[in-house]
Amino acid sequence: MYTISQLARTCGLTRGALLYFESIGLMRSPPRTPSEYRVYTEADRERLQQICLYRSAGVKLRDIKAILDRRQEGAEAVLKKRLAEIQREIDELRAHQNVILTLLKNRGSLKRTKTMTKDKWVEIMRGAGFTNADMHRWHREFERSSPGDHQEFLEYLHISGEEAERIRAWSRQAASDASNGS
């Protein structure tokens, strides 16, 4: 038998994390002692260890719940989906890496150019292997992680205020759709 703090410590979690898992139905609400202390079993510890294992693979909590509630039936599909997501993330990071390498390689010519334009930037991105979809993801991530810098960058490219706002609005919507799983 485990108290909430003991159980949380066995998996390197906080008491609050365990309470959250209970609140969303990922962990069962355990019975209580006459003093109202939660009492967890070995089965609870095993389930929590499984939750932590899937979390370490980056699996979303709702998917973990589905896997554990179905007793492994959907685990393979969920894990394959996560693997595909990771591959897309790796591909995006490699594309970012290539742009940076291209910029560093050409930094002398960039310094000599007093004005960077949208057309020049698109040419650099295409030279690094970016497709239109890659550039859209790039803008989405830039807007999500640093909206002020994204605006400044668009101004640096001499993009009109109206076009910059369209790009940023699209980027915000795409980021919102992505975070909602659309």
Output the distance between atom [atom1] ([X]) and atom [atom2] ([Y]), rounded to the nearest 0.5 Å.
X	Y	atom1	atom2	answer
Arg32	Ile4	CZ	CD1	8.5 Å
Arg28	Arg47	CZ	CZ	10.0 Å
Gln97	Thr102	CD	OG1	10.5 Å
Ile159	Arg168	CD1	CZ	12.0 Å
Gln151	Glu143	CD	CD	8.0 Å
Arg140	Ser145	CZ	OG	11.0 Å

Any donor-acceptor pair under 3.5 Å linking the side chain of [X] with the backbone of [Y]?
X	Y	result
Ser171	Ile167	yes
Asp134	Thr131	yes
Gln6	Thr3	yes
Asp91	Arg88	no
Arg82	Ala57	yes
Thr33	Ser35	yes

Does the side chain of [X] reach to within under 4.5 Å of the side chain of [Y], using non-hydrogen atoms?
X	Y	answer
Glu42	Tyr2	yes
Gln87	Ile90	yes
Phe130	Asn98	no
Leu154	Trp121	no
Tyr54	Leu68	yes

Please name the pair of heavy atoms, one in [X] and one in [Y], separated by the smallest distance, quoted to 0.1 Å.
X	Y	result
Pro147	Arg144	CD-O, 4.3 Å
Arg45	Gln49	NH1-OE1, 2.5 Å
Ile51	Ile64	O-CD1, 3.8 Å

Do the charged groups of [X] and [Y] touch, with an N to O distance under 4.0 Å?
X	Y	answer
Glu89	Arg137	no
Lys120	Glu123	no
Glu76	Lys80	yes

Say whether [X] and [Y] are linked into one hydrophobic cluster, either directly or through other cluster members, by side-chain heavy-atom distances under 4.5 angstrom.
X	Y	answer
Met1	Tyr37	no
Val78	Ile86	no
Met135	Tyr156	yes

Looking at Glu46, I want to see if its CD is surrounded by more than 12 non-hydrogen atoms of other residues, nucleotides or ligands under 6.0 Å. yes
Between Met125 and Asn132, does a side chain to side chain contact (heavy atoms under 4.5 Å, CB included) hold up when you go through it step by step? CA-CA 9 Å; Met125 299 283 276; Asn132 283 340; over 6 Å; no
Is there a side chain to side chain contact (heavy atoms under 4.5 Å, CB included) between Leu61 and Arg55? Walk through the geometry before answering. CA-CA 7 Å; Leu61 292 178; Arg55 283 184 71 219; 3.8 Å; yes
Give the ring-plane orientation class for Phe142 versus Trp138, where under 30° counts as parallel, over 60° as perpendicular and anything between as tilted.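 It falls in the perpendicular class, over 60°.
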Check the angle between the aromatic planes of His139 and His150 and answer parallel, tilted or perpendicular using the 30° and 60° thresholds.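 Correct class here is tilted.
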Verify side chain to side chain contact (heavy atoms under 4.5 Å, CB included) between Leu53 and Gln50, making sure each step is shown before the conclusion. CA-CA 5 Å; Leu53 177 64; Gln50 285 291 302; 4.3 Å; yes
Worked check of side chain to side chain contact (heavy atoms under 4.5 Å, CB included) between Thr10 and Leu7: CA-CA 5 Å; Thr10 66; Leu7 182 61; 3.9 Å; yes
Could you tabulate the donor-acceptor pairs under 3.5 Å formed by side-chain atoms of residues 19-27, not counting sequence neighbours?
unit_1, atom_1, unit_2, atom_2, d
Glu22, OE1, Arg38, NE, 3.2
Glu22, OE2, Arg38, NE, 3.4
Glu22, OE2, Tyr40, OH, 2.1
Ser23, OG, Tyr20, O, 2.7

